[in-house]
Amino acid sequence: MMSHEELEQTTAKVQQEQRAAGDRINVCVAAGCLSLHSDAVQKSLTDEAKKSGARCSVRGVGCMGLCSAGPVVSHEPAQAVAAEDKTTAQPTRLYGGVQPGHAAKIVASLNQEPVRELAIDTAMPFFAKQTKIVLENSGSINPESIEEYIAAGGYRALLRALHEMTPAEVVQEISASGLRGRGGAGYPTGLKWATVARAAGATKYVICNADEGDPGAFMDRSVLESDPHRVLEGMILAAYAVGASQGYIYLRAEYPLAVQRLGVAIREAKRMGLLGAEIAGTRMSLHLEIRLGAGAFVCGEETALIASIEGRRGTPQPRPPYPAESGLWNSPTLINNVETYANVSPILARGSAWYAAQGTAKSKGTKVFALSGKARNTGLIEVPMGMTLREIIFDIGGGVPAGHTFKAVQTGGPSGGCIPESLLDIPVDYDSLMQAGSIMGSGGMIVMDDSSCMVSVARFFMEFCMSESCGKCVPCRAGTAQMHGLLTRITEGVATHRDLDLLVRLCEMVGATSLCGLGQTAPNPVLSTLRYFKNEYLAHIEDKHCPAGVCECATTPAEVNA
Amino acid sequence: MVNMARPSLPSEDKRWRIVQGTMRKHGYSRNALIETLHTVQQSFGFLDKDAIRFVASSLRVPPSQAYGVATFYHLFQLRPPGKHTCQVCLGTACFINGAERLMKHAEKSLGIQAGETTPDGEVSLLAVRCVGSCSFAPVMIFDEKTHSYAKSETLDEQLQAWRQP
Amino acid sequence: MSEKKTLATVWLDGCSGCHMSLLDMDERLITLSSQFDLVYSPLVDQKIFPAHVDITLVEGAIGNTEDLEKIHMIRERTRILVALGDCAITGNVSALRNACGAEAMLRRVYGESAHGPAQNATGKMQDIFVQLPRLFERVQPLHDYVSIDAFVPGCPPTADTIHFALSELLAGRVPDLSGVAKFG
Amino acid sequence: MSAAPGAKTFVIDGVDASATPGQTILSAAREHNIFIPTLCHLEGLGDVGACRLCLVEVKGARRLLPACTTRVDEGMEVTTNSPRLADYRQMTMQLLFAERNHVCSVCVANNHCEMQSMATTLGMTHVEVPYRFPALTVDASHERFTLDHNRCILCTRCVRVCSEIEGAHTWDVMGRGIQSKVITDLDQPWGTSETCTSCGKCVQVCPTGALFQKNRTGERRGKDPSFLPYLRTMREEL
C-alpha cells in the first residue's frame, strides 16, 4: 500500500541518488530528437562520461521543447541538482545540434565554461515567455521512472484526493478551476465530469483520447513520451471523481515510443499500488488498458472512438445520447484528451484558485502548442491562455526566416483556419480564435510565409477530410469529395466563378448538415482562407495564376477534357 | 446446440499461436477484433482474407463486419508489404515545406502510387500523417529510419542503396 | 396579336428521342406553332443558326469538340436557353461511357465488336476518325459549360411536359418544372 | 382526444401536437401527417441518421437535428421545412445523384425508385455539382439477385435488415469515405457468400436499383407490398 510517507521516502531516495551522481546530462530522446539520432548522442555521452571518470550521470529525458535545435542536450550542474531553491542555483546549460562527436567536449566542460559553439541562450524569449504546467517535467525527468515522477511531486494530489476529498469535491475543484477540454472544442471539463458522476450506471468508464490526428500536432505524443505518469494520475483522479473502475487509453499505433512508455508507466504504477485494485489502500480500483488506434482521424470524435474500442468501424453516432450518459457498452463514459488529464494533478495539487488565476476570463490555464512551419524556433511550447498570436510567433517563434514575410498562421488543423497578419494581436483563447474563423484545436500551430499558396493549403486540408471521412453521412462523404474536386480545379487554373460560388454553397451546407464534427468543421480551412485571402482564389480563377508560385495552372478547360 | 468449437489454426505457422494468444487474452470477446488484427499485421506484415476469416470466426464476428473493420482503418494493409517501405509524411508542416512534390517524385521514381508496392515487391510507398518531427520538415521514413529535411535526392540515394546487391 | 417568337431546337449528343417527344405533342404542336417561327432545327431545312433566337431547346449532352463549339455559339445567340431532356441535363445515356473513357468505348464499339481490332499507326482509336470531331474523355451536361435558363428533365420528357414548358416560354415565362417533371 | 400517460406535447410547424414517450420527431410528424423526407430511415429498422434529409430545425438547438433519431421533448418547437432546409435537402440529393452513376432512364428501378421520386418531390430539376462518374461494378453472381454499385446510395438498409431482422449479417460496408461500398462476406461475389440465406429482404428494402431481383425489372420490379409492413413486427418478435 502506497502512502504519503512512502512517496516522501521515494522522493528522498531519488534525490539522494541524484546528489550522489553529481552533474546530470540529459539527452532528449523524444520522437523529434530521436529522429535526429539522439540515441547515438546519448550512447557517446555515456561512454565518454565513463571514460573520463567524471562524477556525472547521463539520462534520456523527454522533449525539451526547442525541437528546431535538436538533438538537444541539457547539463544540470551538481549544485543545481541538489539545490532546494532552483531559482538561485547555477543555471542549467542547454546545447543544440549535438552530434555524437561532441560528447567528449561536453563531458570535459562539466566544471568548466560551457561549450560555446553548441550553447543555446536559455534566457531567450522562446524559454522566458513560456509558462509550464503540463510540460513542467518534460525534459527534466526520466519518463520511464515512476520514482523520478514521484520525486518531482507526482502522485501527491492523487493520494490527498483519495484520503481527504470526496469525489464530489474533486469535481467541484475541477469545475472551479475553469479547465476546458484541450482536445479542441473547449467543453468545460468540470461540467463533463459532473454529468458522468451524476449518470446512473453500475459500471462507468474513463477514456483518454490519445488519438492525436491533427496532421500538424504532436503535443499529446510528446506529453506521453516525456511524462506519462502525469496523464495516468489525471485519469485515476478522474475515475475517482466520476466513479469509474475501468479505463482505456486510446492511442495512435503510429506512436510506438508513446505506447511503450505508457506501458511501462502502467506497469510501474501497478507495482507501486497506484493503479489496479485498492489504490493506495483505499476501496478505489481502476484497471487501465491501452487500445491502439489504426489510422482513422475520425476516431478522435467521441462516439467513433467508442465504436473503435468496441472493435467496430469508427463511425460516429448521432448525439444525444451523449457518451457521458450512454457511451462505451452503453455505460456512462468520460472521455478527455491527454492534455486535459495532464492538467488535473497540478490543479488538485495547487488548488483551483491558483489555476483560475492564469489565462483569460473564459479560458483558464495554459495551452500546449506544436509550433511548426516557417518560424525560426519551432517545437513544443506552453503558453498562458490570452497571449497574443504575435507574441507566440514573433517572440517565442522568432518570426519567419530572413527573406520571407509572414502570411498566415494555421490553428486547429483540418477543423481550423488560417489567420492573417492583421489579426495577430488577438489573444489565444477559445472564443477569440473562433471569432477569427479558426479554432483552438488540439494545439497544432503552423506558421506560413509568402511561399505558401492559401488555396493549395485549403485543398490540402480538404483532401485530408475527404480521405478521413468515415463515409456514413452524405454531406461529409460526398460533399468533401466535391469540395476537394472544386479546390483542385481552382489550383489547376481551370475553375470559373460558378465553381467558386458552388464551393461556398457546399461549405455552408456540409458544415450545417454533417453528422459529426469532422464534416461540420471540414469547410473551415476553405472559409477562413476565402475570408482573408480571397484575392488568391481570384488570381487562380481570373488570371490562371498562383501568386505564391506553388500551383501549376496553365492549361485551358478544353485541354483538360480532351 | 450447434457446434461452437473454435476454428482450427489456418496452418502450422507458429505465428498463429501469437494471434490466438491475443484473442485468448481478451477472452475471445468480439470487441478484441481490432486488437487481434493488429497482432496479425505485426506477425505477418499484412492481413489476407484467410487471416480475417480465421479471426472473424474465432471471435464470432460476421465476416463482412470483420472485413469492414479491416478496410476502415488505414493502418491495416491487405496486401503484402514490399521488402522496404518508403513513407512520406504528409502532415501540415511537411506539406508547406514541399512534401507533395516529394511524394510526386517518389511516385514517379518508383512508378507506383502512394499505398502501392512495386511489381518486383521491393518497395512499398506510403503516405503518413504527421510523425511529430515537424521541426525537421519535410520528413521521409525509410524502413525504420527517419530522414529530416528530406529532398528528392534523399530518396534517390536511398533507392540506389536498396538496389545495391 | 404580339409578335411571334423565334424558336430553335438543337440536337447534340443524344438519341433524338426528345425531338420525337416534341413531335408527340401532335395537334397541340400545330396550335402552338402560330406563336413561333421555327428558325433552326433538325426538323427543318435551315443550315445556319441565326444571330438572334428567342428560345432554343437543346437536346443532348456535350460529348465532343463540335458540341462544345456549338453550345457556346448557341448560348451567345439565344435569349432563353432550355436544356431539353436528361442527356442535356445529366449526361444520361450519352455519359454512360464516362466510367471507361472515350478510347475504351471506341475500342469496344468499333474495334472488338466489329470486324476484329482496327489497325492504325498510333494504336489509338481516336486517330482513325480524324475527319470527325474529337471525343472528350467525359460527356458532360450543358450547364457544365454554359448557363441554362430552364431545365426540362425526362428521358424523354413527356409530350405533356414539353407542351407545358413550351407554352410557358411562349407566354414569356420561364417554366419551373420543379416538383413536376422527373428524371428518367 | 386525451393524451396518453407520459405523453409529450410539442409544436410542429406551428401546430400543437403530442408524442408518446421516447417517440422520435419523424414518427410523431408522420402520425400528424407532416411529411419529412428520408432515404435511410425505414420503419422497423434501427435508425442511423446518415442521409441527413430529415434534418429539422428545433428552437433553441445549436444545430439542425435528424428527425429520425431525435426524441420529442416536452415543449419542443420543431420546424420541418424552411427555405434553408429545402436548399440543404436539394443539395443532399444533388450530392447523391453526382456521387455515383444514377442513370434513371436505363435503371431497373426507373419509376419505382425512392431516390428518383424524392428528387421530384424536393423539386430538383438538375444537378449543379459536377458528376463524378466513378467506374463501379455490377455483381450478378447470385442466382436470384443482382447488386449494382452504380445505383447504391449507402443508406445501409440492406446491412441493417440483414443483421437486425434476418440475423445473417451477410452485408456490411467496407472502406471509408467516398470509397465506401457495401459488401457481402469478405467482399466476395454475392453468389459465393456462405452466410447469405437468399431471403431477399435486402432487395425489398433497397430504395434504389442497387439491389434487384433478376427477371423482375422495370415496370414489373415494384416492391413486394406484403413484405415491408411486417419488418417492425419481425423486429419486435426477435
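Within every chain, numbering begins at 1; the chains are lettered A, B, ... in the order of the sequence lines, protein sequences first and strands thereafter.
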> Residue by residue, which of residues 86-97 of chain D have a heavy atom closer than 4.5 Å to a heavy atom belonging to chain C?
Replying inline: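 Checking residues 86-97 of chain D against chain C gives D:Phe97.
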>> Suppose a student defines contact as a heavy atom less than 4.5 Å from any heavy atom of chain C. Which residues in residues 119-128 of chain D would they list?
In response: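 Within residues 119-128 of chain D, the residues that come under 4.5 Å of chain C (heavy atoms only) are D:Thr120, D:Gly123, D:Met124, D:Thr125, D:His126, D:Val127, D:Glu128.
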> If you tally heavy-atom pairs under 4.5 Å against chain D, which of C:Thr90, C:Asp86, C:Leu177, C:Val180 wins?
Replying inline: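 Going by pairs under 4.5 Å, I would pick C:Thr90.
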> Can you tell which of C:Gly101, C:Gly91, C:Ala99 has the highest number of heavy-atom pairs within less than 4.5 Å of chain D?
Replying inline: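 Top count of heavy-atom pairs under 4.5 Å with chain D: C:Ala99.
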For residues [X] and [Y], is any side-chain donor paired with an opposing acceptor at under 3.5 Å?
{"X": "C:Gln140", "Y": "C:Tyr145", "value": "yes"}
{"X": "D:Thr80", "Y": "D:Asp13", "value": "yes"}
{"X": "D:Asp139", "Y": "D:Ser141", "value": "yes"}

> Mind checking whether D:His142 and D:Trp190 have parallel, tilted or perpendicular rings, split at 30° and 60°?
Replying inline: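 Tilted: the ring planes of D:His142 and D:Trp190 meet at 30° to 60°.
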> If you count heavy-atom pairs under 4.5 Å between each of D:Pro134, D:Cys104, D:Ser105, D:Ala135 and chain C, which one has the most?
Replying inline: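 Highest number of heavy-atom pairs under 4.5 Å: D:Ser105.
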Does some side-chain heavy atom of [Y] sit less than 4.5 Å from a side-chain heavy atom of [X]?
{"X": "D:Thr70", "Y": "D:Met76", "value": "yes"}
{"X": "C:Val82", "Y": "C:Asp149", "value": "no"}
{"X": "D:Pro66", "Y": "D:Arg52", "value": "yes"}
{"X": "D:Pro207", "Y": "D:Arg157", "value": "yes"}

> Who pairs with D:Arg84 by salt bridge (charged side-chain N to carboxylate O under 4.0 Å, His left out), at least two apart in sequence or on another chain?
Replying inline: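 Checked D:Arg84 against salt bridge (charged side-chain N to carboxylate O under 4.0 Å, His left out); matches are D:Glu57.
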> Given that the side chain runs from C-beta out, which part of C:Leu96 has a heavy atom under 4.5 Å from chain D: side chain, backbone, both or neither?
Replying inline: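 Side chain only.
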>> Within residues 150-173 of chain C, which residues come under 4.5 Å of chain D, heavy atom to heavy atom?
In response: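 Those residues of residues 150-173 of chain C which have a heavy atom under 4.5 Å from chain D are C:Phe151, C:Pro153, C:Cys155.
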Indicate yes or no for a side-chain donor-acceptor contact from [X] to the backbone of [Y] under 3.5 Å, with no hydrogens or angles considered.
{"X": "D:Arg132", "Y": "D:Asn101", "answer": "no"}
{"X": "C:Thr31", "Y": "C:Glu27", "answer": "yes"}
{"X": "C:Glu59", "Y": "C:His19", "answer": "yes"}
{"X": "D:Arg144", "Y": "D:Ser198", "answer": "yes"}
{"X": "C:Arg75", "Y": "C:Ile71", "answer": "no"}
{"X": "C:Asn64", "Y": "C:Asp67", "answer": "yes"}

